[in-house]
Amino acid sequence: MMNTRSLRFRITAWYAGLLAGTLIVFGASVYLGLERYLDWTLERTLVAECRAVSTELLSQLPAKDTAWLATEINEAYAPEVNGLFIRVVHSGVGMVYLSGAPKDGTFDPGRIPFPSDKEMDGSRKLQFESGNRLLINSMTLTTPDGSRFLVESGAPYHQIEVTLHGLLLTLAIYMPFMVSLAVAGGYWLMRRSLQPVDEITKRAEGITSTNLSERLPVIRSGDELERLSLSLNRMIERLDNAFEHINRFSADASHELRTPLTILQLELEGIAQNYRGDASVEDQIGSALEETHRMSRIVESLLTISRLDAGEVKMDKSRLDLGELATSTAGEMKLLGEEKSIGLRIHAETGVHVVGDRVRLQQVIVNLIDNSIKYTPVGGMIEVRVGREGDSAVLEVSDNGLGIPAHAVPHVFERFYRADKARSRASGGAGLGLSIVKAICAAHNGEIEVSSQEGQGSTFRVELPLLPIVVNDGASAVLREV
Ligand code: ADP
């Protein structure tokens, strides 16, 4: 289906319409011009014929007889062969010459009427029942001896009609051909000139908050397209600045909050020391301390995310075995699960190598497993899988727990987002764990996604660029119960 509203279609249609209009006007003027020219030429020829018969032959007539005249005219013009009509009338005497019927039988010379007084010394057109038309020129003359003659010479229009018809046919065949050629050419040209816009659109589509430093290709055409690409780039730059500003702000804010929080904690601990034994004060200070610890954790997490997003965190990257890292990390967390009677299984291919910061990637695994434990009821099961798919290393953590409501799925990686506020706060979460996971993945050129069914469980899937295996260490799938 062609998009009739598209610029490409509209311009091509306009272009084709204008061209067709021009061609039609041009064709019509050529047709009319040629018709008039051929008419005029035919008339000139007939006039010249009449004149030749009058001056060359009739002046000699008194001396010669009509048989001589007939031979002369037949010899000079061969009217039957050329389809001409010639008639000479001697006034008072009668018809002295009449050409024979033409070979193609277009008219009958004997039935051609004489010109009326008005038509003397001029031309007239005759139309026969057969549709054929004849142009006749008549001329009167008086010879020196006083005899008066009427000379007529005629020719059929047929030839002119054939020529004009040929022209019409040529125009009818070539015009659509030329218009379609122009349409195809125009469409192709439009496509070519809109190609850079396509390119810009594709690139713009790929720009997100994580790669705002990229710029779109600039079309150096010196026109609206160049201005469009330049202003889009300036817009991205402003967005880039704004994003940086926001990141800066949360990094600065959390950094500034750290020191006073530490001091607050120390002060509270000091007070707790002084009031040891006073149960109610101890209780109050204990809960105040708990809240400050909580606040510290939030501030630390925020700082980490801001720095990761800003690319300020120095990563200690090295080649590491993701399967091995996941196995050991999950092993350390097994106890945590056992407290809720949640089973933890790991299924890791060997030799899934990536380049990354061991501590950070471990944090990813810890956060994901920790969430699964938090949001899976007693007796549940958590599975960790590591494998390779194409040129990606894949880490999956799935559980058969509460799951995430569909409306919340797109938001779980946002800062401070909690699907169920009451449920999360009770378990100590501030909604920052997955933001950290996502930031770490991004810093490793990786991606994270989640699929979840409320009430059935969730699967978090991390993809990292896979390092090619250097030594073939017999990559095989092993199922280990940790
Ligand atoms: P929190 O500190 O609240 O756990 P996260 O950023 O780690 O914050 O997670 C955000 C929200 O995503 C959580 O509040 C929870 O609702 C949902 N969520 C995360 N992991 C799971 C999971 N495995 N099962 C169900 N819900 C989850």
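Counting begins at 1 with the first residue of the sequence. In each ligand, atom 1 is the first atom listed, and ligand 1 is the first ligand listed.
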Inset, instruction - Measure from the side-chain N and O atoms of Arg294 to the backbone N and O of Ala430, and report whether any donor-acceptor pair falls under 3.5 Å. - result: no

Inset, instruction - Go through ligand 1 atom by atom and flag the ones less than 4.0 Å from a non-hydrogen atom of Tyr417. - result: 10 (C), 11 (C)

Inset, instruction - Indicate yes or no: does an N/O atom of Phe460 lie under 3.5 Å from an N/O atom of ligand 1? - result: no

Inset, instruction - Please assess Gln265 against Met295 for the test side chain to side chain contact (heavy atoms under 4.5 Å, CB included), listing each intermediate value before the final yes or no. - result: CA-CA 10 Å; Gln265 270 173 34; Met295 216 143 98; over 6 Å; no

Legend entry - Gly431, Gly403, Gly433: member with heavy atom nearest to atom 1 (P) of ligand 1: Gly431

Legend entry - Heavy-atom nearest neighbour of atom 6 (O) of ligand 1 within options Asn367, Ile373, Leu434: Leu434

Inset, instruction - Before accepting this row, confirm whether a basic side-chain N of the pair Glu349/Arg385 lies closer than 4.0 Å to the acidic partner's carboxylate O. - result: no

Legend entry - Lys374: numbered ligand 1 atoms lying under 4.0 Å from its heavy atoms: 1 (P), 2 (O), 4 (O)

Legend entry - Backbone or side-chain N or O of Arg418 under 3.5 Å from ligand 1 N or O: no

Inset, instruction - Any atoms of ligand 1 less than 4.0 Å from a non-hydrogen atom of Ala430? List them with their elements. - result: 2 (O)

Inset, instruction - Answer yes or no: is there a donor N or O on one side and an acceptor on the other, between the side chain of Asp357 and the main chain of Asp316, under 3.5 Å? - result: yes

Inset, instruction - Consider every N or O of Ser458 and every N or O of ligand 1, then say whether any pair is closer than 3.5 Å. - result: yes

Legend entry - Contact partition for Ser452 relative to ligand 1, non-hydrogen atoms under 4.0 Å: neither

Inset, instruction - Pull out every atom of ligand 1 sitting under 4.0 Å from any heavy atom of Ile404, numbered as shown with elements. - result: 25 (C), 26 (N), 27 (C)

Inset, instruction - May I ask you to list the atoms of ligand 1 that are less than 4.0 angstrom from any heavy atom of Val412? - result: 10 (C), 12 (O)

Legend entry - Test side-chain contact (heavy atoms from CB on, under 4.5 Å) applied to Ser6 - qualifying residues, sequence neighbours left out: Asn3, Arg8, Phe9

Inset, instruction - In plain terms, say whether Glu43 and Lys125 are close enough for a salt bridge, that is, a side-chain N and a carboxylate O under 4.0 Å apart. - result: no

Legend entry - Distance filter under 4.0 Å to Leu432 heavy atoms, resulting ligand 1 atoms: 6 (O), 8 (O)

Legend entry - Non-hydrogen atom of Ser372 closer than 4.0 Å to ligand 1: yes

Legend entry - Smallest separation among heavy atoms of Pro465 and Val354, with atom names: O-CG1, 3.6 Å

Inset, instruction - Could you please spell out the steps behind the side chain to side chain contact (heavy atoms under 4.5 Å, CB included) verdict for Ile342 and Asp399? - result: CA-CA 10 Å; Ile342 292 174; Asp399 59 57; over 6 Å; no

Legend entry - Any residue meeting side-chain contact (heavy atoms from CB on, under 4.5 Å) with Glu129, in chain and number order, not counting sequence neighbours: Arg111

